[in-house]
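What follows is one structure encoded as structure tokens, with my remarks underneath.
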Amino acid sequence: MIHDILISSDNQYHCIDNGVDKLEYYLISCCAPTLAGKKIANLFTFKHAEGDRIHTKVNVWNERLNPFGVFIKILRTSQSSSLILVYRMEKVKTILQDENIMNFLHSKGYESNNLQDVLKRIRFLLNKSSDFPHEIGLLLGYPLHDVIGFIKNNGRCSKLSGFWKVYGDHKEAGELFKEYNHCRNCFMNLYNQGMTALEIMEKYNGGYVQ
């Protein structure tokens with residue numbers, strides 16, 4: 001369930017100046033809803049360039065973002081790319097306390113609903129299994145019925161396709177998609193005007209320009 005995570009699929013924001021912090025650009029263009037507190041997490045693929053030290057970059061940005069309650073974790077990495085989760089820890093922990101979600105994860109082989117345990121298993125599945133763990137959508141804030149619908153239908157027959165594929169209330173999801181896109185556009189506009197990710201978050205953490 002990775003419909004919305006590849007930056008390369010978004011033609012509006014594909015150009016990256018060699019003089020900028022590429023990870024910061026990815027954070028703004030792929031994770032603005034999470035940075036703004038409108039979404040609990042985003043997932044994206046970071047394409048490596050020669051000389052990229054992704055683990056060092058992630059450590060630096062964790063130091064910067066953790067005070068805002070935002071954390072970055074590399075879930076899978078290869079020579080060419082890394083799959084990176086950006087999440088609001090406390091909000092994801094709250095999601096994992098939901099009884100229905102706990103039962104669903106248990107049915108998928110998760111022995112604990114502790115966030116670190118869940119992330120550990122997801123990393124294991126991503127790196128060791130040929131099957132993508134679509135339940136990761138729950139950590140991204142996707143409704144349980146949409147995650148289940150995606151799995152049962154193999155990604156087909158959705159009512160709406162946006163940040164994820166919708167099998168439930170497509171009108172409500174459509175409004176959310178509009179809000180997330182508006183948020184991203186606002187953050188990108190501010191970034192293109194010269195503001196850094198931290199400056200944008202300090203000004204609009206929990207909200208954004210209407």
Practice task
List the atom of Met201, the atom of Leu35, and the distance in Å for their closest heavy-atom pair.
Solution key: CE-O, 3.5 Å
Handout entry: Euclidean distance, Ile95 CD1 relative to Asn113 CG, rounded to 0.5 Å
Key = 12.0 Å
Fill in the blank from the handout: Rounding to 0.5 Å, atoms CG (Leu138) and CG (Asn100) come to a distance of 11.0 Å
Problem - Same cluster (ILVMFWY, side-chain, under 4.5 Å), Met102 and Tyr110 - result: no
Practice task
Look at atom NE2 of His145 and say whether more than 12 heavy atoms of other residues, nucleotides or ligands are closer to it than 6.0 Å.
Solution key: yes
Problem - Face-on cation placement of Lys73 at Tyr87 ring, 6.0 Å and 45° thresholds - result: no
Practice task
Output yes when a side-chain donor or acceptor of Asp117 lies under 3.5 Å from a complementary backbone atom of Arg121, and no otherwise.
Solution key: no
Exercise for the section: Identify the heavy atoms of Ala36 and Cys183 that sit nearest to each other, and give their distance. Expected result: CB-SG, 3.6 Å
Practice task
Could you tell me whether the side chain of Asp146 and the main chain of Tyr142 form a donor-acceptor pair under 3.5 Å?
Solution key: no
Practice task
Apply side chain to side chain contact (heavy atoms under 4.5 Å, CB included) to His48 and Ser82, showing your working.
Solution key: CA-CA 7 Å; His48 298 163; Ser82 292; 2.7 Å; yes
Practice task
Give a yes or no answer on whether the side chain of Lys38 reaches the backbone of Ala32 with a donor-acceptor pair at less than 3.5 Å.
Solution key: no
Completion exercise
Closest non-hydrogen contact found for Arg88 with Gly37 is NE-CA, 3.4 Å
Handout entry: Any donor-acceptor N/O pair, His106 side chain to Glu111 backbone, under 3.5 Å
Key = no
Problem - Lys159 side chain vs Gly168 backbone, donor-acceptor pair below 3.5 Å - result: yes
Fill in the blank from the handout: Tightest non-hydrogen contact, residues Ala197 and Trp61, listed as CB-CH2, 3.9 Å
Practice task
Go through Asn62 and Val70 one step at a time and tell me if the side chain to side chain contact (heavy atoms under 4.5 Å, CB included) criterion holds.
Solution key: CA-CA 8 Å; Asn62 264 320; Val70 177; over 6 Å; no
Exercise for the section: For side chain to side chain contact (heavy atoms under 4.5 Å, CB included), just list the numbers for Asn189 and Gln193, CA-CA rounded to whole Å, side-chain angles, deciding distance to a tenth of an Å, and then say yes or no. Expected result: CA-CA 6 Å; Asn189 287 337; Gln193 291 169 22; 4.3 Å; yes
Handout entry: In one Ile/Leu/Val/Met/Phe/Trp/Tyr side-chain cluster, 4.5 Å: Leu140, Phe132
Key = yes
Problem - Pairwise side-chain contact, Ile151 with Lys108, heavy-atom cut-off 4.5 Å (strictly under) - result: yes
Problem - Side-chain heavy atoms of Leu139 within contact of Ile122, under 4.5 Å - result: yes
Fill in the blank from the handout: Correct closest heavy-atom pair for Val118 and Ser112 would be CG2-O, 3.5 Å
Problem - Gap between atom CG of Asn114 and atom CD of Gln116 - 0.5 Å precision - result: 6.5 Å
Practice task
Using a 4.5 Å cut-off on heavy atoms from C-beta on, say whether the side chain of Glu135 contacts that of Leu125.
Solution key: yes
Practice task
Decide yes or no for Met195 and Phe187: does some side-chain heavy atom of the first lie under 4.5 Å from some side-chain heavy atom of the second?
Solution key: no
Exercise for the section: For Glu199 and Gly194, work out which heavy atoms get closest and say how close. Expected result: OE1-O, 4.1 Å
Exercise for the section: Could you tell me whether the side chain of Phe44 reaches within less than 4.5 Å of the side chain of Cys31, counting heavy atoms only? Expected result: yes
Problem - Sub-4.5 Å side-chain heavy-atom contact between Tyr167 and Lys152 - result: no
Problem - Linked, directly or transitively: Val60 and Leu23 (ILVMFWY side chains, under 4.5 Å) - result: no
Problem - Exam field: side chain Thr94 to backbone Glu90, donor-acceptor pair closer than 3.5 Å - result: yes
Exercise for the section: State the CG-CG distance between Leu85 and Leu43, to the nearest 0.5 angstrom. Expected result: 6.0 Å
Problem - Heavy atoms from other residues, nucleotides or ligands near CD of Gln97 exceed 12 (cutoff 6.0 Å) - result: yes
Handout entry: Pair Trp164 + Phe150: ring centers closer than 6.0 Å
Key = no
Practice task
Compare all side-chain heavy atoms of Leu83 with those of Phe46 and state whether any distance is below 4.5 angstrom.
Solution key: no
Practice task
Evaluate the side chain to side chain contact (heavy atoms under 4.5 Å, CB included) criterion for residues Asn66 and Ile72: first the C-alpha distance (whole Å), next the side-chain angles of each, then the deciding distance (0.1 Å), finally the verdict.
Solution key: CA-CA 9 Å; Asn66 288 176; Ile72 308 174; over 6 Å; no
Handout entry: Heavy-atom check, side chain of Met188 versus side chain of Ile28, under 4.5 Å
Key = yes
Handout entry: Reported CD1-to-CD1 distance for the pair Ile84 and Ile54, which is rounded to 0.5 angstrom
Key = 4.0 Å
Completion exercise
Here the gap from Leu160 atom CG to Asp169 atom CG, rounded to the nearest 0.5 Å, amounts to 10.0 Å
Problem - N/O donor-acceptor pair under 3.5 Å between His170 side chain and Ser158 backbone - result: no
